[in-house]
Amino acid sequence: MNIAEYKGVMVFAEQRDGVLESVGLELIGEASRLAAHLKESVTAVLVGSNIKSLATELASYGADRVIIVDDAVLSHYDTEAYTQAVTAVVNKYKPEIFLVGATTLGRDLAPRLSGRLRTGLTADCTELSIDEATRELWSTRPTFGGNLLATIVCPDHRPQMSSVRPGVMAKLAKDTSRKADVIEEQITFDKSKFKVRFIDKVVDKSKKIDITEAKVLVAGGRGVGKEGMPLLINLAQSLHGELAGTRALVEEGMVESSRQVGQTGKTVKPDLYIAAGISGAIQHVIGMENSELTIAINTDKEAPIFQVADLGVVANFHEVAPVLIKKLGEIQA
Ligand SMILES: Cc1cc2nc3c(=O)[nH]c(=O)nc-3n(C[C@H](O)[C@H](O)[C@H](O)COP(=O)(O)OP(=O)(O)OC[C@H]3O[C@@H](n4cnc5c(N)ncnc54)[C@H](O)[C@@H]3O)c2cc1C
């Protein structure tokens with residue numbers, strides 16, 4: 001492998017049913033920052049069926065070039081079909097960095113791609129940076145149960161691949177005057193390698209809240225306790241926010257697992273994060289430390305959550321919450 005042949009930063013722009021996933025746009029933002037250090041450009045790869053119109057949106061979020069593989073074979077996600085399409089694009093355009101969102105789809109696709117491309121993959125990164133002297137990508141991710149942060153490099157193979165969870169990186173501001181070069185690629189698929197046949201799609205119709213999209217999150221921990229749950233829910237409603245929680249509350253069945261914040265839950269970045277009765281274990285903090293404003297309520301003034309909070313209230317949640325709810329009601333009235 002001649003490493004010098006590989007140039008630029010490429011992002012997998014995931015779409016589902018013709019709608020771009022936010023993580024792809026976030027990664028284009030991060031790719032722009034990395035590409036500036038390398039003095040290179042950002043390419044988005046868009047794979048699917050009838051998806052060409054999405055190129056404009058990718059450009060407006062900072063992609064300099066969009067490579068589209070539009071084929072009926074790609075109308076539903078299939079690991080092998082997607083792998084063949086993206087591998088062909090990477091082998092042709094040879095990016096030095098390739099970024100994927102660590103979504104359910106991305107977590108399935110990225111390892112297959114790295115195997116096919118014979119390169120390394122650093123999964124679930126929380127920070128990316130460039131060593132300008134060597135042009136190496138430094139990918140940082142939590143390890144050993146979140147107690148350490150490891151920075152991983154891939155010196156001998158290209159592209160350097162990393163996956164990043166949704167909500168970790170920041171999008172560029174949308175600018176509809178930005179334009180991208182749009183290239184369409186035709187892929188000859190080896191259908192003999194397809195192992196999965198699409199039969200039907202069953203949509204889960206239960207009301208699903210995505211806490212990664214919420215502007216206001218009211219998160220509870222063990223300190224809230226069962227008796228404090230109605231107060232926590234009431235506070236979330238008063239703030240027009242969503243309920244979230246630590247793993248402790250999820251394990252006790254008081255909060256749905258889809259609302260768990262942290263290393264084994266979701267990474268969130270709301271405008272306001274209220275951490276009620278949460279100690280601030282590293283595995284929790286990893287998922288919420290990038291919130292715009294964090295207010296912590298805890299009876300223990302030494303609780304680690306106060307180290308990441310912008311505002312700390314040393315008090316009993318059961319006493320503070322009714323006052324807050326009453327005050328919010330008055331303001332809204
Ligand atoms: C591999 C691994 C992955 C993990 N992943 C996650 C994850 O994704 N998300 C996650 O959250 N955790 C995760 N954990 C668990 C994590 O280590 C902590 O155990 C957990 O976050 C603690 O939850 P907590 O803050 O609710 O409870 P505790 O640590 O028990 O804290 C309760 C806090 O409430 C305060 N308190 C008590 N009463 C009151 C009151 N009346 N009013 C106000 N404050 C009060 C206490 O002072 C205390 O600080 C993981 C652990 C491991 C090993």
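Ligands are counted one by one from 1 in listed order, and the atoms in each one are counted from 1 as well. In what follows, every heavy atom counts, from backbone to side chain, and hydrogens, waters and symmetry copies are set aside.
Among all heavy-atom pairs drawn from Val218 and Leu239, the shortest one is CG2-CD1, 3.9 Å. Residues Ala63 and Ile28 approach most closely at N-CG2, 3.6 Å, considering heavy atoms.
The ligand atoms of ligand 1 that sit less than 4.0 angstrom from a heavy atom of Asn316 are 40 (C), 41 (N), 42 (N). Atoms of ligand 1 lying under 4.0 Å from at least one heavy atom of Gly265, given by number and element, are 8 (O). Which parts of ligand 1 touch Ala248 is read off a 4.0 Å heavy-atom cut-off, strictly below it: atoms 23 (O), 26 (O). Near His318, the atoms of ligand 1 lying under 4.0 angstrom from a non-hydrogen atom of the residue are 41 (N). Residue-ligand proximity, Ala281 to ligand 1, at heavy-atom distances under 4.0 Å covers atoms 16 (C), 17 (O), 18 (C), 21 (O). In the vicinity of Gly262, heavy-atom distances shorter than 4.0 Å reach the ligand 1 atoms 7 (C), 8 (O), 9 (N).
Checking Arg165 against Thr267 by side-chain atom types alone, a donor-acceptor pair falls below 3.5 Å. Side-chain contact check for Thr119 and Ser114: no donor-acceptor pair (N or O, by modelled atom type) lies under 3.5 Å. Of the N and O atoms on the side chains of Asp108 and Tyr82, not one donor lies less than 3.5 Å from an acceptor on the other residue. Side chains of Thr103 and Glu14: a donor on one and an acceptor on the other come within 3.5 Å.
Across Lys266, Arg247, Gln263, heavy-atom proximity to atom 52 (C) of ligand 1 is greatest for Arg247. The residue from Thr264, Thr246, Val261, Val224 that puts a heavy atom closest to atom 9 (N) of ligand 1 is Val261. Here the shortest heavy-atom distance to atom 33 (C) of ligand 1, taken over Ser257, Gly277, Ala275, belongs to Gly277.
Both the backbone and the side chain of Ser279 come within 4.0 Å of ligand 1, judged by heavy-atom distances. At a heavy-atom cutoff of 4.0 Å, ligand 1 is contacted by the backbone of Ala315 but not by its side chain.
Using a 4.0 Å cut-off between charged side-chain N and carboxylate O, Glu252 and Lys226 make no salt bridge. The pair Lys195-Glu80 does not meet the salt-bridge criterion, since no charged nitrogen lies less than 4.0 angstrom from a carboxylate oxygen. For Lys269 and Glu26, the salt-bridge test fails: no basic side-chain N is under 4.0 Å from an acidic carboxylate O.
Contact between Gly225 and ligand 1 is absent, with no heavy atom of the residue lying under 4.0 Å from the ligand. Distances from ligand 1 to the non-hydrogen atoms of Leu249 include no value under 4.0 Å.
Checking only distances, Gly245 never comes within under 3.5 Å of ligand 1, N or O to N or O. Polar contact with ligand 1: absent for Gly221 (N/O pair, distance under 3.5 Å).
Taking the six-membered ring where tryptophan is involved, the planes of His284 and Tyr273 are tilted, since the angle between them lies from 30° to 60°.
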